[in-house]
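Here's the structure, in structure tokens; my notes come after.
Numbers here simply count residues along the sequence, with the first being 1.
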Amino acid sequence: MRIVLLGAPGSGKGTQAKKLMADKNIPQISTGDILREAVAGGTRFGQKAKATIDAGNLVSDDIMLGIISERLAKPDAADGFILDGFPRTKQQAFDLEELLDELGTPLDAAVLMDVDFDVLMKRLTGRRTCSLTGKLLNVYFSSQRELDACTDAGGELIHREDDNEETIANRLDVYHSRTEPLIDFYRKRRCLRIVNANGSVDEVYERLLEALA
Ligand code: AMP
């Protein structure tokens, strides 16, 4: 199964991709995670990328094409993948299409995670990652038990630097102007599926599985 998850920042792409990865045994490829790893690595590229990410802007299409080509060439992506956060521009969508055409492995679906604006804001401002397990949590939506499990084990609930209100506003603008046009792009290619992404993680996951069936 080769799918793209589309949706605004905070629409739950990462959370749902991780569940799907565990169920279907195909990798979640998050370009945001790949970039954050580069930032943590402290390379010159990482330092430049950090400034872009912190401002909520997009890394250039050329660089993203290099990153995604390299990642899709790894053996674990041969039997399928879930792209989370790529493509984010029309150019990236064309590039991906060309890349997959060359490999003879077209996309099966592009799934739009459709979520109300007020839910998005809570998901983004409340989002935390457990430093020990990488588990995504949310101070508004996760149970106290789940939050405590991380801290009791000695972990920290990490708040992403780009999840502050100013950067979030820019990321949502960028989504609106650069990424939303991809909805039409994939609709025209007849592979768009739309999932109502409001509600609990499990409810949304059920809908996602139905959309992919
Ligand atoms: P995410 O974790 O998907 O929200 O991505 C975090 C940040 O990484 C974004 O706000 C962008 O600055 C950058 N980024 C991730 N994916 C892409 C992409 N496909 N194109 C350009 N920039 C990206």
Side-chain angles (χ1 to χ4, degrees), residues 1-37 67-68 70-88 93 96-97 99-100 103-116 119-120 122-124 126-143 145-147 149-150 153 155 157-158 160 179 182-183 186-187 189-213:
M1 181 193 287
R2 291 177 295 274
I3 63 171
V4 160
L5 288 185
L6 283 177
S11 58
K13 299 188 298 294
T15 303
Q16 297 297 330
K18 283 196 169 74
K19 275 179 87 71
L20 207 53
M21 168 170 74
D23 257 10
K24 306 278 180 195
N25 207 18
I26 48 174
Q28 167 210 18
I29 299 181
S30 156
T31 44
D33 284 350
I34 295 173
L35 289 167
R36 279 184 289 276
E37 272 168 34
I67 289 177
I68 209 72
E70 208 172 285
R71 183 61 188 87
L72 289 180
K74 294 200 173 156
D76 67 335
D79 293 330
F81 49 76
I82 307 149
L83 289 184
D84 160 13
F86 186 95
R88 259 177 156 97
L96 176 67
E97 192 170 51
L99 193 65
L100 294 179
L103 296 169
T105 54
L107 278 184
D108 295 308
V111 184
L112 172 67
M113 309 294 290
D114 196 18
V115 76
D116 294 343
V119 178
L120 275 186
K122 274 193 155 174
R123 288 205 186 146
L124 287 167
R127 178 155 74 176
R128 301 289 184 275
T129 308
C130 174
S131 62
L132 286 181
T133 60
K135 190 173 167 140
L136 289 176
L137 298 161
N138 189 295
V139 295
Y140 299 115
F141 301 119
S142 302
S143 67
R145 192 169 46 81
E146 281 180 299
L147 295 166
C150 173
L157 293 169
I158 299 172
R160 271 172 53 169
T179 310
L182 299 189
I183 298 172
Y186 286 115
R187 185 178 282 125
R189 277 154 178 76
R190 299 184 180 281
C191 66
L192 181 73
R193 322 257 167 99
I194 299 180
V195 167
N196 172 0
N198 297 294
S200 73
V201 171
D202 290 341
E203 280 165 355
V204 175
Y205 189 62
E206 280 303 306
R207 293 182 206 133
L208 175 62
L209 290 181
E210 269 169 40
L212 291 173

Nearest atoms (heavy-atom pairs only) where [X] meets [Y]:
X	Y	answer
A93	Y186	CB-OH, 3.9 Å
N198	V119	OD1-CG2, 3.7 Å
L124	P9	CD1-O, 3.5 Å
P106	R2	O-NE, 2.7 Å
L212	M1	CD1-SD, 4.0 Å
P27	G80	CD-O, 3.3 Å

Please tell me if the side chains of [X] and [Y] come closer than 4.5 Å, counting only heavy atoms from C-beta onward.
X	Y	answer
R193	D108	no
V111	L208	yes
L112	L182	no
L96	V4	yes
I82	M21	yes
L107	R189	no
L72	L100	yes

Would you compute the distance between atom [atom1] of [X] and atom [atom2] of [Y] and round it to the nearest 0.5 angstrom?
X	Y	atom1	atom2	value
F86	L5	CZ	CG	14.0 Å
F81	I68	CZ	CD1	8.0 Å
E146	L157	CD	CG	11.0 Å
R127	L136	CZ	CG	7.0 Å

Tell me if a side-chain donor or acceptor on [X] pairs with a main-chain N or O of [Y] at a distance below 3.5 Å.
X	Y	result
E206	E203	no
D114	A197	no
R128	I158	no
R207	V195	no
R88	G85	yes
N138	R123	yes
E37	I34	no

### Query
Does atom CG of N25 have more than 12 heavy-atom neighbours, drawn from other residues, nucleotides or ligands, at distances under 6.0 Å?
no
### Task
Any pair with a residue in residues 8-23 that passes side chain to side chain donor-acceptor pair (under 3.5 Å), sequence neighbours left out, goes on the list, sorted by first then second residue, please.
K19-D202, D23-Y205
### Any pair counted as side chain to side chain donor-acceptor pair (under 3.5 Å), so long as it reaches residues 70-79, sequence neighbours left out
R71-D76
### Message
As a test of understanding, state which of L6, I29, T31 forms a side-chain contact (heavy atoms from CB on, under 4.5 Å) with L83.
### Response
I29
### Task
Using the side chain to side chain contact (heavy atoms under 4.5 Å, CB included) rule, take I3 and L20 through it: C-alpha gap first, then chi angles, then the decisive distance, then the call.
CA-CA 11 Å; I3 63 171; L20 207 53; 3.5 Å; yes
### Query
Can you list the residues that meet the side-chain contact (heavy atoms from CB on, under 4.5 Å) rule with L132, with sequence neighbours excluded?
C130, A153
